[in-house]
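Every number for a ligand or one of its atoms is a count from 1 in the order of the listing.
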Amino acid sequence: MNKIVFATNNAHKLDEVRAILGEEYCVLGLHDIGCDEDIPETSDTLDGNAEIKARFVKDNYGYDCFADDTGLEVEALDGAPGVYSARYAGPGHDSEANMTLLLQNMKGKVNRSARFRTVICLIEGDSMKKFEGIVNGTIIEERKGSNGFGYDPVFVPEGFDRTFAELSSEEKNGVSHRGRATACLSEYFHNKN
Ligand code: IMP
């Protein structure tokens, strides 16, 4: 079985990625390799942060590794909150406060277009590859639904009339930014073998 590290301790993300990559991959989380550090995300791009996390694991633990970074990019806000999505309303990573600030900044805006974008950086030996997944959609004016996390209650993906927080996890994973980026990673692995 191919062993690979996913630089996260988020159990939900690990489950999602394991389901997409299938049984020939043994995906280890940071905890599984004895890494309980919070890897600093100091870049001002999603690409840069994904690379920092993957590089940290490769350099310090020696494993081939992939890492992801995601941002919500809102057209009327010139791409904000973008790479700062987790800390939009402050360092506390508070989703409720982030959504409140987003809705406040979107008050009166006619253009409600937005997208989630995920970048995955894979480091295998000396080689590095990047994969991207995007889902387009719109920001509504008030929260709807209680599933998911982050900005899910205010984001309606293209082709749906419900927010991410009103979709089942299967529905969301089928169209989501992270689902799409992981599908590209999976395709790369399968073509390689
Ligand atoms: P991360 O890079 O996956 O940790 O994502 C950074 C931030 O983007 C999260 O803290 C959330 O605020 C937001 N985010 C990422 N993915 C999603 C999603 O699927 N739904 C809603 N918000 C998300």
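Which parts of ligand 1 touch Gly150 is read off a 4.0 Å heavy-atom cut-off, strictly below it: atoms 21 (C), 22 (N). Counting the atoms of ligand 1 from 1 in the order shown, those under 4.0 Å from a heavy atom of Asp152 are 18 (C), 19 (O), 20 (N), 21 (C). Numbered from 1 in the order shown, with element, the atoms of ligand 1 that lie under 4.0 Å from a heavy atom of Thr70 read 2 (O), 3 (O), 5 (O), 6 (C), 8 (O), 15 (C), 16 (N). Each of the atoms 16 (N), 17 (C), 18 (C), 19 (O) of ligand 1 lies under 4.0 Å from some heavy atom of His177.
Using a distance-only test at 3.5 Å, with no hydrogens or angles considered, no donor-acceptor pair links the side chain of Asp64 to the main chain of Val5.
Phe116 CE2, 3.6 Å is the protein heavy atom nearest to atom 23 (C) of ligand 1. Among all non-hydrogen protein atoms, the one lying nearest atom 10 (O) of ligand 1 is Ala86 CB, 3.3 Å.
When heavy-atom distances to ligand 1 are checked against a 4.0 Å cut-off, Phe155 has no atom that comes that close, whether in backbone or side chain.
No more than 12 heavy atoms of other residues, nucleotides or ligands lie within 6.0 Å of CG in Asp38, so this atom counts as exposed by the packing criterion. Enclosure of atom CG in Asp36 by more than 12 non-hydrogen atoms of other residues, nucleotides or ligands within 6.0 angstrom is indicated.
When the side chain to side chain donor-acceptor pair (under 3.5 Å) test is applied to Glu142, no partner is found at least two apart in sequence or on another chain.
The distance criterion of under 3.5 Å between nitrogen or oxygen atoms is met by Tyr151 with respect to ligand 1. Geometrically, ligand 1 and Arg178 share a nitrogen or oxygen pair separated by less than 3.5 Å.
Using modelled atom types, one finds a donor on one side chain and an acceptor on the other under 3.5 Å when comparing Ser113 with Asn111.
Glu51 has its side chain out of reach of Asp47: every pair of non-hydrogen atoms, C-beta onward, lies at least 4.5 Å apart. When side chains are defined from C-beta on, Tyr88 counts as touching Leu102, because their heavy atoms get closer than 4.5 Å.
A pairwise comparison of heavy atoms in Arg117 and Leu46 identifies O-CD1, 3.5 Å as the closest pair.
Residue Lys13 places a heavy atom less than 4.0 Å from ligand 1. At least one heavy atom of Lys172 lies less than 4.0 angstrom from ligand 1. Ligand 1 is never approached by Asn98 to a heavy-atom distance shorter than 4.0 Å.
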